[in-house]
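As the structure is a computational prediction, the values presented were derived from the model and not from experiment. Along the sequence shown, the residues carry numbers beginning at 1.
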Amino acid sequence: MTTKNHPFRIALVEDNEFEILLLQKNLRTFIQNEELHLKRDIVIEKFNTFEQFVTDFNVDTHLVFSDLQLENKHTGFDVLSYVKILRSECKVVMLSSQINEWKLYLSLLEGANGIILKNELRYELCNFLVYKYVNAS
């Protein structure tokens, strides 16, 4: 059931342009090296604000990597809530630069599918999740 009409969609929600570009470049390189794009078209979309995400979110998105603390008083919880209302089967992974156990635990309770600490950001973890979910879909 892999067709070009139904690409695997990944959304990156991050207010730091440098971090979002690094993650995007890493994912593209990983997808190319693992030849995941041969199994299924993969689209990576980036959003620098929550407002941009809400305006341009594609309801066919499969995986979202979201910063826990966004600008303009928005958080990854806003992203998570929005995604779960529109597409409950979409996986949401929180990225955080702070080890705030309460917020991280709360994000799991709210339905996040994982947490990756940015200060120890190992792109291998993001790559693993992309590999896992592309192959599972």
Side-chain angles (χ1 to χ4, degrees):
M1 188 163 132
T2 303
T3 68
K4 298 211 181 265
N5 294 335
H6 296 81
F8 186 88
R9 302 184 88 76
I10 302 170
L12 310 177
V13 187
E14 168 64 65
D15 53 11
N16 183 315
E17 183 67 23
F18 181 71
E19 286 186 33
I20 201 169
L21 289 174
L22 284 178
L23 181 55
Q24 183 181 38
K25 180 178 183 205
N26 168 76
L27 291 176
R28 285 188 174 151
T29 301
F30 174 75
I31 289 163
Q32 185 72 27
N33 290 344
E34 292 295 317
E35 297 183 343
L36 294 177
H37 63 289
L38 298 178
K39 296 179 182 181
R40 187 166 190 181
D41 286 343
I42 300 173
V43 175
I44 301 173
E45 299 170 305
K46 61 182 185 124
F47 305 96
N48 295 103
T49 65
F50 176 71
E51 294 81 7
Q52 180 188 17
F53 176 74
V54 168
T55 301
D56 297 332
F57 178 70
N58 186 311
V59 294
D60 292 328
T61 299
H62 296 84
L63 176 61
V64 175
F65 289 102
S66 177
D67 188 7
L68 188 57
Q69 188 59 49
L70 299 166
E71 291 181 356
N72 299 329
K73 300 180 184 177
H74 289 288
T75 68
F77 295 113
D78 298 320
V79 171
L80 179 62
S81 296
Y82 186 77
V83 168
K84 292 304 178 181
I85 288 170
L86 293 179
R87 184 169 165 86
S88 62
E89 64 273 16
C90 180
K91 308 297 184 196
V92 179
V93 177
M94 297 293 193
L95 305 175
S96 178
S97 59
Q98 300 176 4
I99 303 175
N100 181 328
E101 289 89 3
W102 174 246
K103 283 186 179 179
L104 298 176
Y105 179 68
L106 185 58
S107 68
L108 292 174
L109 288 177
E110 292 292 321
N113 297 91
I115 301 164
I116 298 175
L117 297 176
K118 282 200 244 177
N119 54 349
E120 299 176 14
L121 182 59
R122 298 186 52 193
Y123 288 124
E124 293 85 16
L125 296 173
C126 298
N127 295 344
F128 170 77
L129 292 172
V130 169
Y131 184 86
K132 175 183 174 179
Y133 293 130
V134 166
N135 285 317
S137 65

Return the minimal non-hydrogen interatomic distance between [X] and [Y], and the atom names on each side.
X      : Y      : value
Tyr82  : Val54  : OH-O, 3.3 Å
Val64  : Cys90  : CG2-SG, 3.8 Å
Tyr131 : Glu34  : CE1-OE1, 4.1 Å
Ile115 : Ser107 : CD1-OG, 3.7 Å
Asn127 : Phe30  : O-CE2, 3.3 Å
Ile116 : Cys126 : CD1-SG, 3.7 Å

- prompt: Testing Glu14, Gln24, Glu17 for side chain to side chain donor-acceptor pair (under 3.5 Å) with Lys46, which one passes?
  reply: Glu17
Can you find a pair of side-chain heavy atoms, one from [X] and one from [Y], that are under 4.5 Å apart?
X      : Y      : result
Glu110 : Lys84  : no
Leu22  : Tyr123 : yes
Leu129 : Lys91  : no
Leu70  : Asp78  : no
Phe53  : Val83  : yes
Leu36  : Val130 : yes
Glu45  : Asn58  : yes
Leu27  : Leu12  : yes

- request: May I ask you to decide if Val92's main-chain N or O and Asn113's side chain share a donor-acceptor pair within less than 3.5 Å?
  value: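 Flag set: sc Asn113 to bb Val92 pair under 3.5 Å.
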task: Output yes when a side-chain donor or acceptor of Arg87 lies under 3.5 Å from a complementary backbone atom of Thr61, and no otherwise.
output: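 Looks like yes, one N/O pair under 3.5 Å.
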field: Trace of the side chain to side chain contact (heavy atoms under 4.5 Å, CB included) decision for His6 with Asp60
entry: CA-CA 8 Å; His6 296 81; Asp60 292 328; over 6 Å; no
- request: Check ring-ring contact (aromatic ring centres under 6.0 Å, His included) between Phe77 and all other residues, then give those that pass, not counting sequence neighbours.
  value: none
- prompt: Looking at residues at least two apart in the chain, or sitting in another chain, which of them share a ring-ring contact (aromatic ring centres under 6.0 Å, His included) with Phe8?
  reply: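 Phe8: ring-ring contact (aromatic ring centres under 6.0 Å, His included) contacts with His62.
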message: According to side chain to side chain contact (heavy atoms under 4.5 Å, CB included), who are the partners of Tyr105, at least two apart in sequence or on a separate chain?
response: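 By the side chain to side chain contact (heavy atoms under 4.5 Å, CB included) rule, Tyr105 matches Trp102, Leu109.
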Separation of [Y] [atom2] from [X] [atom1] (nearest 0.5 Å):
X     : Y      : atom1 : atom2 : answer
His74 : Asp15  : NE2   : CG    : 11.5 Å
Ile42 : Arg28  : CD1   : CZ    : 11.5 Å
Ser66 : Leu95  : OG    : CG    : 7.0 Å
Arg40 : Asn135 : CZ    : CG    : 10.5 Å
Ile44 : Phe65  : CD1   : CZ    : 9.0 Å

Let me check something: do [X] and [Y] share a hydrophobic cluster, defined by ILVMFWY side-chain heavy atoms less than 4.5 Å apart, either directly or through other members?
X      : Y      : answer
Phe128 : Val134 : yes
Leu108 : Leu117 : yes
Leu106 : Leu80  : yes

task: I would like to know whether Phe50 and Val79 meet side chain to side chain contact (heavy atoms under 4.5 Å, CB included); could you show each step before the answer?
output: CA-CA 7 Å; Phe50 176 71; Val79 171; 3.8 Å; yes
field: Verdict with reasoning, Asn16 to Asp67, per side chain to side chain contact (heavy atoms under 4.5 Å, CB included)
entry: CA-CA 9 Å; Asn16 183 315; Asp67 188 7; 6.0 Å; no
